[in-house]
Amino acid sequence: MSNETVITGYTISDNLKYKGIDIAAFTNVAVYRESENGEADNGGYLFHAVAPNLLAPSIVETSCVIPELGVRVEADLQLNTFATPKYDVWKYAFSSYLAGPVSMATINKVPLDVVAHANLPLLHGYSGEEVSALLNWGRVLESVPFGELREKVGFDEVLKWALRVYAVASVSGNPPTKTVSETFGVPLRTASYWVKKAKAKFEHELRHDARVLYPNSTDANYFDVDNADTRAATDWFIDIAYKQPMKGGE
């Protein structure tokens with residue numbers, strides 16, 4: 001749905017086209033880290049584990065400008081981890097950058113679900129106390145040999161990666177089981193079985209893994225989804241994802 005994703009400071013911008021309507025989307029993000037010794041707890045942000053070695057922010061603020069309609073839409077999202085992790089919309093706010101108020105006729109033309117999921121929430125990989133931003137989930141998907149996982153590293157790794165793919169698709173507003181099916185090249189029934197088995201094995205542990213993270217300084221080199229720093233972070237995540245089994249694993 002999206003393209004031309006660019007990291008600009010603490011905002012991800014995306015240019016989208018939905019049913020012929022141009023949408024400029026902006027999501028407020030930051031690159032986070034664990035707290036340092038002596039740091040106050042009141043400046044952090046809550047993250048939840050949504051899959052093995054994957055954290056997602058509890059709250060996401062996103063906005064879209066739709067030039068054709070002359071409207072700006074802001075959405076506040078909150079992570080729901082009760083069953084399948086997903087973002088629920090807590091508030092929409094509409095404003096006009098043209099003269100006059102926003103009419104109900106205009107609001108009815110806004111694709112609200114597209115606005116809410118215009119950008120992938122900023123994921124973070126984690127291993128123990130170490131945390132690193134994952135600005136390029138697409139690179140993760142391109143780097144993992146999904147079709148060969150079972151032969152190379154065993155079925156537990158298949159289950160963990162299935163749960164990762166499932167969770168990221170879900171928080172992004174995409175059909176999660178279908179995404180697992182397409183990513184692994186397996187039938188929907190197989191994908192559904194893998195996810196069900198992975199949830200039974202790992203989800204209890206994930207539900208108890210939440211942590212407070214703190215924004216990195218703005219001089220961190222995380223301004224592009226595909227530079228040396230983001231590639232290194234992606235490679236680190238793939239490496240620890242293989243080498244740090246969940247307690248539910250073998």
Side-chain angles (χ1 to χ4, degrees), residues 1-8 10-16 25-33 45 47-60 62 77 79 81 84-87 114 116-127 130-147 149 157-185 191 194-195 198 202 206 213 216 220-242 244:
M1 181 174 65
S2 63
N3 51 49
E4 301 180 17
T5 304
V6 179
I7 300 300
T8 54
Y10 284 75
T11 300
I12 300 178
S13 61
D14 242 343
N15 295 319
L16 319 173
F26 309 92
T27 299
N28 298 326
V29 300
V31 175
Y32 294 92
R33 56 180 169 76
Y45 297 84
F47 277 65
H48 291 275
V50 294
N53 307 105
L54 267 182
L55 297 168
S58 177
I59 295 174
V60 174
T62 188
L77 314 176
L79 184 64
T81 59
T84 297
K86 64 186 181 71
Y87 280 97
V114 174
H117 298 99
N119 281 308
L120 176 69
L122 182 57
L123 302 167
H124 279 64
Y126 72 95
S127 175
E130 189 170 4
V131 175
S132 182
L134 286 174
L135 295 179
N136 194 344
W137 180 250
R139 179 175 168 81
V140 173
L141 296 182
E142 293 170 359
S143 303
V144 177
F146 290 101
L149 272 181
E157 288 298 325
V158 172
L159 294 181
K160 283 187 282 187
W161 278 105
L163 195 53
R164 291 173 184 130
V165 172
Y166 179 89
V168 173
S170 182
V171 299
S172 305
N174 297 317
T177 305
K178 182 181 179 183
T179 302
V180 173
S181 171
E182 293 174 347
T183 301
F184 283 85
W194 285 357
V195 170
F202 303 119
L206 293 174
L213 302 182
N216 261 325
N221 295 319
Y222 286 99
F223 304 117
D224 194 312
V225 295
D226 191 23
N227 61 24
D229 295 296
T230 57
R231 286 193 293 271
T234 301
D235 293 342
W236 170 83
F237 172 75
I238 293 171
D239 187 51
I240 62 100
Y242 282 124
Q244 299 291 332

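Small disclaimer: the values here were computed from a predicted structure and weren't measured.
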Locate the shortest heavy-atom distance separating [X] from [Y]; write the atom from each residue and the value.
X: F202; Y: L163; answer: CB-CD2, 4.2 Å
X: L79; Y: P57; answer: CB-O, 3.7 Å
X: P145; Y: S143; answer: CD-O, 3.6 Å
X: F146; Y: L141; answer: CE1-O, 3.4 Å
X: T81; Y: H48; answer: CG2-CB, 4.2 Å

Report the distance from atom [atom1] of [X] to atom [atom2] of [Y], rounding to the nearest 0.5 Å.
X: F184; Y: W194; atom1: CZ; atom2: CH2; answer: 6.0 Å
X: N174; Y: Y166; atom1: CG; atom2: OH; answer: 12.5 Å
X: N53; Y: R164; atom1: CG; atom2: CZ; answer: 5.0 Å
X: W137; Y: L54; atom1: CH2; atom2: CG; answer: 5.0 Å

Between the main-chain N or O of P175 and the side-chain N or O of T179, is there a donor-acceptor pair closer than 3.5 Å? yes
Which residues pass the side-chain contact (heavy atoms from CB on, under 4.5 Å) test with S181, not counting sequence neighbours? L188, A191
Do the side chains of R139 and E142 get close enough for a salt bridge, i.e. N-O under 4.0 angstrom? no
